[in-house]
Amino acid sequence: MSLISTHLAPRMVLSEKVNQLMEWASKRSVIRMNGDKFRRLVKAPPRNYSVIVMFTALQPHRQCVVCKQADEEYQILANSWRYSSAFTNKIFFAMVDFDEGSDVFQMLNMNSAPTFINFPAKGKPKRGDTYELQVRGFAAEQLARWVADRTDVSIRVIRPPNYAGPLMLGLLLAVIGGLVYLRGSNLDFLYNKTGWAFAALCFVLAMTSGQMWNHIRGPPYAHKNPHTGQVNYIHGSSQAQFVAETHIVLLFNGGVTLGMVLLHEAATSDMDVGKRKIMCIAGIGLVVLFFSWLLSVFRSKYHGYPYRKWVDTSFKVSTLKSFLKEVVRWLIPTED
């Protein structure tokens with residue numbers, strides 16, 4: 001009898017753990033854990049289930065904006081799994097907040113948040129069980145792919161209805177319809193080349209700055225170092241970016257474009273020579289300034305970038321003045 005009891009004891013412990021997790025999961029898709037719960041249900045064997053744990057810092061005084069954004073996507077992923085027809089006890093989603101389980105952070109030598117780790121059913125987490133947040137972003141779809149790769153559990157992400165897109169589209173169509181109705185007798189504005197060119201330029205600037213990448217990957221807006229408090233707006237890797245980084249690149253590209261437009265107008269317009277010279281100098285200044293800043297961003301991300309030496313070169317004031325003078329003389333010849 002003692003041998004049977006000894007043999008069945010681990011199974012009973014395992015069944016109790018699974019039942020406890022299933023009970024909590026039925027009430028909340030993401031199970032909140034403190035140090036004691038984490039050690040008993042995640043770290044301690046036996047375990048025949050995987051646990052995806054998000055280590056975060058959601059308290060307002062922590063001022064972790066990225067944590068809140070990642071938590072929203074994590075909740076979407078967990079809810080998609082909890083309310084799917086394929087839901088089983090093979091995998092659970094949990095969360096450890098720093099203010100509720102700081103001892104867990106110390107135990108795992110963790111000094112940043114948010115962090116996602118998969119604790120597999122057998123053995124200890126390996127290198128691939130830590131989610132590469134800076135590379136993949138925290139969109140629920142990206143997390144689902146990582147979960148499928150680590151646990152063989154496929155989760156179809158189902159997002160709550162978002163009426164903002166259809167509402168904005170309806171508003172846009174209503175504005176266009178109103179303009180057509182009010183100006184039904186004169187639709188020349190539809191053939192305005194400047195308007196269409198401006199719309200196309202805005203679209204090109206948005207795409208070349210990486211807005212589509214943000215939409216697909218869902219990266220954080222920026223990254224704040226929890227120790228120093230320093231905020232990074234430019235990602236250090238060439239394989240990832242922040243949302244703020246795309247806004248910066250968009251601004252720089254726009255500045256270069258505006259400079260080129262001014263140069264074109266200076267060379268082709270019918271204004272007097274003095275105004276054309278001013279426009280030409282302003283255009284060259286915008287191109288040189290914003291293009292230099294743009295290359296500095298590339299240099300910080302792509303080490304060894306071929307234009308790095310050009311970016312590092314400091315122009316002398318006299319050389320720059322001579323350069324601008326020659327360009328102005330070439331574009332706008334002085335009248336005799």
Side-chain angles (χ1 to χ4, degrees), residues 1-56 58 70-98 100-110 113-133 136 138-158:
M1 185 65 179
S2 60
L3 292 176
I4 296 177
S5 300
T6 303
H7 177 70
L8 293 179
R11 294 181 179 274
M12 292 297 295
V13 171
L14 178 60
S15 64
E16 290 176 0
K17 293 169 70 173
V18 173
N19 290 337
Q20 181 67 83
L21 289 171
M22 287 294 289
E23 180 183 351
W24 287 339
S26 64
K27 300 177 181 177
R28 180 181 291 182
S29 300
V30 177
I31 304 170
R32 298 187 71 98
M33 291 187 173
N34 54 22
D36 180 61
K37 292 179 180 178
F38 178 82
R39 281 185 287 270
R40 287 191 295 108
L41 300 172
V42 179
K43 288 288 290 182
R47 189 175 67 247
N48 64 352
Y49 50 84
S50 297
V51 184
I52 307 296
V53 182
M54 179 177 76
F55 299 90
T56 185
L58 294 175
D71 178 61
E72 294 175 359
E73 294 295 313
Y74 191 58
Q75 295 287 343
I76 291 174
L77 175 64
N79 287 330
S80 299
W81 169 243
R82 174 63 187 85
Y83 296 105
S84 70
S85 58
F87 175 74
T88 63
N89 58 11
K90 186 177 180 180
I91 182 175
F92 296 96
F93 291 88
M95 173 195 302
V96 177
D97 191 280
F98 181 80
E100 298 174 1
S102 58
D103 53 335
V104 178
F105 279 73
Q106 295 175 1
M107 178 175 58
L108 299 176
N109 295 322
M110 192 174 303
T115 301
F116 299 90
I117 299 179
N118 168 52
F119 292 86
K122 296 181 180 180
K124 298 180 179 180
K126 300 179 181 178
R127 182 176 181 180
D129 288 312
T130 300
Y131 182 72
E132 296 177 336
L133 180 66
R136 300 188 178 188
F138 49 72
E141 291 78 7
Q142 289 295 111
L143 288 169
R145 295 189 186 98
W146 171 69
V147 170
D149 179 59
R150 305 311 303 175
T151 66
D152 294 328
V153 174
S154 298
I155 303 175
R156 179 188 175 189
V157 176
I158 302 177

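Just so you know, these numbers come straight off a predicted model, no measurement behind them. Side chains are part of it too, since the values below use all heavy atoms of this structure and drop only hydrogens, waters and symmetry mates.
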Peer 1: Using 0.5 Å steps for rounding, measure from the CD1 atom of I117 to the OG1 atom of T130.
Peer 2: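 If I round to the nearest 0.5 Å, the distance is 4.5 Å.
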Peer 1: Could you walk me through whether L58 and M95 pass the side chain to side chain contact (heavy atoms under 4.5 Å, CB included) check?
Peer 2: CA-CA 11 Å; L58 294 175; M95 173 195 302; 3.8 Å; yes
Peer 1: I want to check something: taking the side chain as every heavy atom from C-beta on, are T56 and D71 in contact at a cut-off of under 4.5 Å?
Peer 2: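 No, too far: nothing below the 4.5 Å cut-off.
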Peer 1: Once you measure the plane-to-plane angle for Y74 and F93, does it fall in the parallel (<30°), tilted (30-60°) or perpendicular (>60°) bin?
Peer 2: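 Geometry flag for F93 against Y74: perpendicular rings.
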Peer 1: Between P46 and L14, which heavy-atom pair has the shortest distance, and what is it?
Peer 2: O-CD1, 3.7 Å
Peer 1: So N118 and S50, side chain to side chain contact (heavy atoms under 4.5 Å, CB included) or not? Walk me through it.
Peer 2: CA-CA 7 Å; N118 168 52; S50 297; 3.7 Å; yes
Peer 1: Quick one: are V53 and M33 in side-chain contact, heavy atoms under 4.5 Å?
Peer 2: no
Peer 1: Got a second to check how far L77's CG is from E72's CD, nearest 0.5 Å?
Peer 2: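 Here the interatomic distance stands at 14.0 Å.
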Peer 1: Shortest non-hydrogen contact from F92 to V18?
Peer 2: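 The answer is CZ-O, 4.5 Å.
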Peer 1: When rounded to the nearest 0.5 angstrom, what is the spacing between CD1 in I31 and CD in Q20?
Peer 2: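 Output value for this atom pair is 8.5 Å.
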Peer 1: State the CG-CD distance between N34 and E100, to the nearest 0.5 angstrom.
Peer 2: 7.5 Å
Peer 1: Taking C-beta and beyond as the side chain, do F138 and M54 meet within less than 4.5 Å on heavy atoms?
Peer 2: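 No; the side chains remain at least 4.5 Å from each other.
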Peer 1: Please confirm whether the backbone N or O of L143 pairs with a side-chain atom of R136, one donor and one acceptor, at under 3.5 Å?
Peer 2: no
Peer 1: In terms of heavy-atom contacts, does CZ of R156 have more than 12 from other residues, nucleotides or ligands at under 6.0 Å?
Peer 2: no
Peer 1: Look up atom OG in S80 and atom CD in Q75, then write down how far apart they are to the nearest 0.5 Å.
Peer 2: 11.0 Å
Peer 1: What's the shortest heavy-atom distance between N48 and A121, and which atoms?
Peer 2: C-CB, 3.6 Å
Peer 1: Do the non-hydrogen side-chain atoms of W146 and I52 ever get within less than 4.5 Å of each other?
Peer 2: yes
Peer 1: When rounded to the nearest 0.5 angstrom, what is the spacing between CH2 in W81 and OG in S29?
Peer 2: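 The CH2 atom of W81 sits 11.5 Å away from the OG atom of S29.
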Peer 1: Taking the side chain as everything from C-beta on, heavy atoms only, tell me whether K122 gets closer than 4.5 Å to P45.
Peer 2: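 When only atoms from C-beta onward are counted, P45 and K122 do not touch, as no gap falls below 4.5 Å.
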